[in-house]
Amino acid sequence: VAVAAAPAAAAAEEAAEATDFEVTLSEVPAAKKIAVIKVIRDITGLALKEAKSLVEEAPKVVKESAPKVEAEEVKKKLEDAGAKVTLKGV
């Protein structure tokens, strides 16, 4: 169990030190695709075709570099729509 906790602790330390984050859309269930596309359009300002393409090509980066508060807001919006999202410190 301690071995499995070590990588998680290292990731938590990295996240605590980072000031900017990369928001990545990891996975979108087929049933939630339309809701996620709407959120992607709202967040990025992309047109429908580009937002749909981004969602269908997951895993894909949604935001290259966002402050922690903004990255967490984006993650929450996408997760509320049904997507799986990861944050990575930049």
Side-chain angles (χ1 to χ4, degrees):
V1 175
V3 175
E13 282 182 29
E14 177 185 322
E17 294 174 9
T19 56
D20 284 348
F21 293 84
E22 179 180 87
V23 182
T24 305
L25 182 65
S26 304
E27 185 180 329
V28 180
K32 304 290 185 179
K33 191 184 294 187
I34 293 172
V36 174
I37 290 171
K38 288 179 182 179
V39 174
I40 291 291
R41 290 188 68 199
D42 182 48
I43 292 167
T44 63
L46 290 173
L48 178 60
K49 184 177 179 180
E50 288 79 12
K52 182 177 182 267
S53 177
L54 188 147
V55 169
E56 289 175 344
E57 295 171 5
K60 233 21 184 165
V61 174
V62 176
K63 285 258 186 195
E64 293 281 337
S65 178
K68 183 176 183 176
V69 174
E70 182 184 350
E72 288 176 349
E73 287 175 8
V74 169
K75 180 179 179 184
K76 180 170 178 8
K77 286 179 183 179
L78 287 167
E79 287 178 341
D80 288 348
K84 290 187 181 177
V85 181
T86 57
L87 295 180
K88 179 181 174 187
V90 179

Kindly give the heavy-atom pair with the smallest separation between Leu87 and Phe21, and that separation in Å.
CB-CD2, 4.3 Å

For residues Ala51 and Ile40, report the shortest heavy-atom separation together with the two atoms involved.
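Taking Ala51 first and Ile40 second, the nearest heavy atoms are CB-CG2, 3.9 Å.
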
Steps toward side-chain contact (heavy atoms from CB on, under 4.5 Å) verdict (Val62, Val85):
CA-CA 9 Å; Val62 176; Val85 181; over 6 Å; no

side-chain contact (heavy atoms from CB on, under 4.5 Å) partners of Leu48, counting only residues at least two apart
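Testing Leu48 for side-chain contact (heavy atoms from CB on, under 4.5 Å), a comparison that skips the adjacent residues, returns Ile37, Arg41.
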
Just distance, no hydrogens or angles: give the donor-acceptor pairs under 3.5 Å from side chains in residues 72-84, sequence neighbours left out.
| unit_1 | atom_1 | unit_2 | atom_2 | d |
| --- | --- | --- | --- | --- |
| Lys76 | NZ | Asp80 | OD2 | 3.0 |

Quick note, salt bridge (Lys or Arg N to Asp or Glu O under 4.0 Å) partners involving residues 55-67, not counting sequence neighbours, are Lys33-Glu56, Lys52-Glu56, Glu57-Lys60, Lys63-Glu70

